[in-house]
Number of protein chains: 2
Amino acid sequence: MSESAGALTQLRAWLAQRELGENTRLPPERELCALLGVSRGDLRKGLEILEREGVIWRRVGKGTFLGIPPADETWSLSSTVERSSPAEVMRARIKLEPALAFEAALHATKAHLEEMRRCINAGQAATTWREYETCDNRFHKTVAEATGNTVLTALFDQLNAVRRAVVWKRERTGPEGPPADHHSHAEHRRIFDAIASRDAREAEAAMRAHIEKVSVKLLQVAAEAEVE
Amino acid sequence: MSESAGALTQLRAWLAQRELGENTRLPPERELCALLGVSRGDLRKGLEILEREGVIWRRVGKGTFLGIPPADETWSLSSTVERSSPAEVMRARIKLEPALAFEAALHATKAHLEEMRRCINAGQAATTWREYETCDNRFHKTVAEATGNTVLTALFDQLNAVRRAVVWKRERTGPEGPPADHHSHAEHRRIFDAIASRDAREAEAAMRAHIEKVSVKLLQVAAEAEVE
DNA sequence: CGCTTAACCAATAGCCGATTGGTCAAGCCA
DNA sequence: TGGCTTGACCAATCGGCTATTGGTTAAGCG
């Protein structure tokens, strides 16, 4: 019987002796190996097994704890933004937003439909790109809310935040406003009609077509900017 | 004409002179009022107007910046968790994870495939529910990473965090470990095979079937717990 | 009464050192 | 030879400290 196995049994005994509740921190390895009278290497082998078993979790600079590692709540948006490209963001939108439209067609309320209609009309009447973007944002946000699913809505918010941050770096387009026959207007209308008529498949397809078109436009502009 | 109004016009002129891009930081108030030759009180009145106009935004200890205040990056996970149900979480998984599997089939590297295989094998060899869950988590996480899309991976992390927080309260099942013929094992294998053979449609379908099955199980258990 | 000035408050950032898990290499011993 | 021990170092994290900065208040002054 190797010494490392002995360290594991000692460790188990030490844990069993004191009935420690979940999420309690146990002594640092350098102390613990002294307490148990085993070498740090053997102690770490035992801890590794306990970690695989899910009994403990460890973090550098923090310590070793009992129970399940807590969810990382401090997800820094910027950390994702820095490593992500516009192409990735649009790819994610193509995956997520059609699914949202599908669900929205099933669960949208009258209030949601009215809000969507307002956004479409306001978007067509917009004279500034920034104003149009606000309406566009609000429309897609409303579709997400129309799913009636708070988790899906939260995911959309996250994606939207990343999107805004990534596109943020791009230079502002010229002073001229969005044209009245901008392709997005008709596409938004098609999405709205599908959701209003509870045609989930059509809503999904319409949203996918819309995002794909926007994506192509965006990446074209990005490519042109790269050539310069 | 009061001095405070003069400070505002000076401030506007100063900003117009140098064509500063969005999100650039301008000097601290104590410096700026010296540069413009106005008192801090008057400068602050001007800044207050610009802030109401949406030209700048300010934050204590940070500074004054041009443009729109950044979205709140500290998205509190708990706020979503409190208003969401397990059913919503599973519904979101059904929407997101098949899409991830689809992308994973297109972009997975050898390293990802090996990691998936390791997770499947370790999951089958697991003797504890907790240990099995760890392997399961790691498998799904690897699928997300295999998309090669940092944004999609980040979205998965968010959803996963919510999921774990929501399911957190459920009591641990008995001391007996997961059975060797647990349905998830075969389903994971099917997903892996599809991804490894680059069959995106099959990967998507396999993942959807898997999540739906897990979802049904989970909601059954939840319903039983509610009856008690 | 309004402006100026100064001081103070609270939030933020940056720095440095201590702590801690993770890793590696040399040495040691059976 | 192979495993264990030891020590050192690395990277992440935390806590304390200081400096900076927007926000606020109060006294002074014309």
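Every chain is numbered from 1, with letters handed out A, B, ... down the list of sequences. For the numbers below, each heavy atom of this structure counts, side chains included, while hydrogens, waters and symmetry mates do not.
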Can you find a donor-acceptor N/O pair under 3.5 angstrom joining the side chain of A/Arg59 to the base of C/dG22?
no

Under a 4.0 Å N-O cut-off, is there an ion pair linking B/Glu114 with B/Arg117?
no

In terms of side-chain heavy atoms of B/Asp42, which of C/dG21, C/dT12, C/dT4 is nearest?
C/dT4

Contact under 4.0 Å: B/Arg44 side-chain N or O vs D/dG23 OP1/OP2:
yes

Roughly, in whole Å, what's the span from CD in B/Glu31 to P in D/dG22?
9 Å

Find the distance B/Leu32:CG to D/dG22:P and express it as a whole number of Å.
9 Å

What about A/Arg25, does its side chain sit under 3.5 Å from the base of C/dG21 through a donor-acceptor pair?
no

Between D/dG22 (C1') and B/Lys62 (NZ): distance, integer Å:
13 Å

Can you tell me if B/Arg58 touches the phosphate of D/dG23, counting only side-chain N or O atoms and a distance under 4.0 Å to OP1 or OP2?
yes

In terms of the nearest nucleotide of DNA chain C, which residue is placed more toward the 5' end: B/Val60 or B/Gly41?
B/Gly41

Are A/Lys45 and D/dG3 close enough that a side-chain N or O sits under 4.0 Å from OP1 or OP2?
no

Whether B/Thr64 contacts D/dT21 is assessed here as follows: a side-chain N or O lying under 4.0 Å from the phosphate OP1 or OP2. Is that the case?
no

Criterion side chain to side chain contact (heavy atoms under 4.5 Å, CB included) on A/Leu32 and A/Leu26, from CA distance to verdict:
CA-CA 8 Å; A/Leu32 195 52; A/Leu26 46 89; 4.0 Å; yes

Show, in sequence, the C-alpha distance, side-chain angles and deciding distance for A/Thr150 and B/Glu88, and conclude whether the side-chain hydrogen bond (donor to acceptor under 3.5 Å, both in side chains) test is met.
CA-CA 7 Å; A/Thr150 57; B/Glu88 281 184 327; 2.8 Å; yes

Which of parallel (below 30°), tilted (30 to 60°) and perpendicular (above 60°) describes A/Phe65 and A/Trp57?
parallel

Tell me the interatomic distance from B/Leu47, atom CG, to D/dT24, atom P, rounded to whole angstroms.
13 Å

Just checking A/Phe156 against A/His140, ring centres under 6.0 Å apart?
no

To the nearest 10°, let me know how far the axis at one end of the helix from C/dC1-D/dG30 to C/dA30-D/dT1 is tilted from the axis at the other, five pairs an end.
0°

What is the distance, rounded to the nearest whole Å, between atom CG of A/Leu43 and atom C1' of D/dC4?
14 Å

Picking from C/dT4, D/dG23, D/dC4, which would you name as closest to the side chain of B/Ser39?
C/dT4

Heavy-atom distance under 4.5 Å between the side chains of A/Asn149 and A/Glu103, does that happen here?
no

note: A/Leu36, atom CG; D/dT5, atom P; distance rounded to Å ~ 13 Å

A/Arg40 side-chain proximity, nearest of D/dT24, D/dA8, D/dT21
D/dA8

CZ/B/Arg118: more than 12 non-hydrogen atoms of other groups inside 6.0 Å:
yes

Gap between atoms CD and P, on A/Glu29 and D/dA11 respectively (whole Å):
18 Å

What integer distance in Å separates A/Glu48:CD from C/dG22:C1'?
10 Å

Distance-only, no hydrogens or angles: does the B/His188 side chain make a donor-acceptor pair with backbone N or O of B/His185 under 3.5 Å?
no

